[in-house]
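Data first, discussion second: the structure below is written as structure tokens.
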Amino acid sequence: QVQLVESGGGLVQTGGSLRLSCGASGRTISSYTMGWFRQGPGKEREFVAAISSSGSTTYNIDSVKGRFTISRENAKNTVDLQMNSLKPEDTAVYYCAADRSGRLRWDKRYYDYWGQGTQVTVSS
């Protein structure tokens with residue numbers, strides 16, 4: 001079993017930045033694809049970004065391209081999401097997730113482990 005814990009959320013003004021971190025425990029996540037998802041008020045949980053096990057390949061949704069960067073440090077069992085130029089529509093609970101298959105996928109049904117989420121609020 002893998003336990004994931006997110007941190008780094010908070011309240012920020014439009015145009016500001018936040019860095020979310022996800023720490024894993026229980027076993028190494030070095031062979032897992034890691035992803036970030038978010039769920040805004042009254043919305044379904046949506047994919048934001050994913051990173052391959054080696055960190056060499058990443059994938060973001062169009063709405064965050066050029067603003068969000070996903071990265072990982074396998075030696076520390078962590079994955080981060082750097083969020084710049086934040087907009088009010090980025091307001092959501094952000095979740096870290098792990099896919100044991102190691103395939104780069106964006107469908108939340110394929111992710112096996114989830115954190116409890118961290119709130120990000122962007123004020124206008």
Side-chain angles (χ1 to χ4, degrees):
Q1 280 284 15
V2 172
Q3 292 78 44
L4 302 173
V5 178
E6 304 94 336
S7 61
L11 174 64
V12 65
Q13 291 186 332
T14 296
S17 298
L18 283 174
R19 188 176 184 88
L20 305 184
S21 292
C22 174
S25 61
R27 63 153 290 160
T28 178
I29 57 171
S30 59
S31 64
Y32 295 177
T33 294
M34 297 300 295
W36 284 97
F37 293 77
R38 65 186 180 187
Q39 187 165 13
K43 297 181 180 180
E44 290 194 6
R45 192 171 300 188
E46 67 168 352
F47 170 81
V48 175
I51 187 167
S52 62
S53 57
S54 67
S56 60
T57 306
T58 62
Y59 182 78
N60 297 338
I61 55 173
D62 287 345
S63 60
V64 307
K65 275 189 169 70
R67 300 189 299 123
F68 290 13
T69 302
I70 187 171
S71 61
R72 68 189 297 163
E73 250 187 285
N74 284 338
K76 294 184 178 180
N77 236 24
T78 59
V79 59
D80 291 349
L81 185 68
Q82 176 66 43
M83 305 187 296
N84 299 327
S85 303
L86 282 161
K87 305 175 181 179
E89 50 264 43
D90 295 319
T91 294
V93 177
Y94 283 71
Y95 298 90
C96 172
D99 179 353
R100 292 179 298 181
S101 75
R103 297 172 64 183
L104 200 62
R105 303 188 283 195
W106 53 88
D107 189 332
K108 58 181 179 289
R109 293 174 296 176
Y110 292 119
Y111 283 77
D112 303 290
Y113 304 107
W114 293 84
Q116 82 290 347
T118 185
Q119 177 70 48
V120 171
T121 302
V122 184
S123 62
S124 56

Minimum side-chain heavy-atom gap [X]-[Y] below 4.5 Å:
{"X": "F68", "Y": "I61", "result": "no"}
{"X": "P88", "Y": "T14", "result": "yes"}
{"X": "L4", "Y": "M34", "result": "yes"}
{"X": "L81", "Y": "R38", "result": "no"}
{"X": "Q116", "Y": "E6", "result": "yes"}
{"X": "Q119", "Y": "T91", "result": "yes"}

Minimum heavy-atom separation for [X] to [Y], with atom names?
{"X": "A24", "Y": "V2", "value": "CB-CG1, 4.2 Å"}
{"X": "W36", "Y": "C22", "value": "CZ2-CB, 3.7 Å"}
{"X": "A50", "Y": "L104", "value": "CB-CD1, 3.8 Å"}
{"X": "N84", "Y": "S17", "value": "OD1-OG, 3.0 Å"}
{"X": "R27", "Y": "S31", "value": "NH2-OG, 4.0 Å"}
{"X": "T78", "Y": "I29", "value": "N-CD1, 4.3 Å"}

To the nearest 0.5 Å, what is the distance between [atom1] ([X]) and [atom2] ([Y])?
{"X": "R19", "Y": "S7", "atom1": "CZ", "atom2": "OG", "answer": "10.5 Å"}
{"X": "N60", "Y": "K65", "atom1": "CG", "atom2": "NZ", "answer": "6.0 Å"}
{"X": "T57", "Y": "I70", "atom1": "OG1", "atom2": "CD1", "answer": "11.5 Å"}

From the list Y94, W106, Y111, ring-ring contact (aromatic ring centres under 6.0 Å, His included) partner of F37 resolves to Y111

Inspect the surroundings of CH2 in W114 and state if more than 12 heavy atoms from other residues, nucleotides or ligands are less than 6.0 Å away.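 Above 12, so yes.
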
So with a 6.0 Å cut-off around CD of E89, is the heavy-atom count from everything else above 12?
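Above 12, so yes.
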
Would the distance check show the side chain of [X] and the main-chain N or O of [Y] forming a donor-acceptor pair, the cut-off being under 3.5 Å?
{"X": "N74", "Y": "S53", "result": "yes"}
{"X": "N77", "Y": "G23", "result": "no"}
{"X": "D99", "Y": "R105", "result": "no"}
{"X": "T69", "Y": "Q82", "result": "no"}

Any side-chain donor-acceptor pair under 3.5 Å between Y32 and R72?
no

Next item on the list: Using a strict cut-off of less than 4.0 Å between a Lys/Arg side-chain nitrogen and an Asp/Glu carboxylate oxygen, indicate whether D90 and K87 qualify as a salt bridge.
Entry: no

*Between Y110 and R103, is there a cation-pi geometry (under 6.0 Å to ring centre, at most 45° from the normal)?*
no

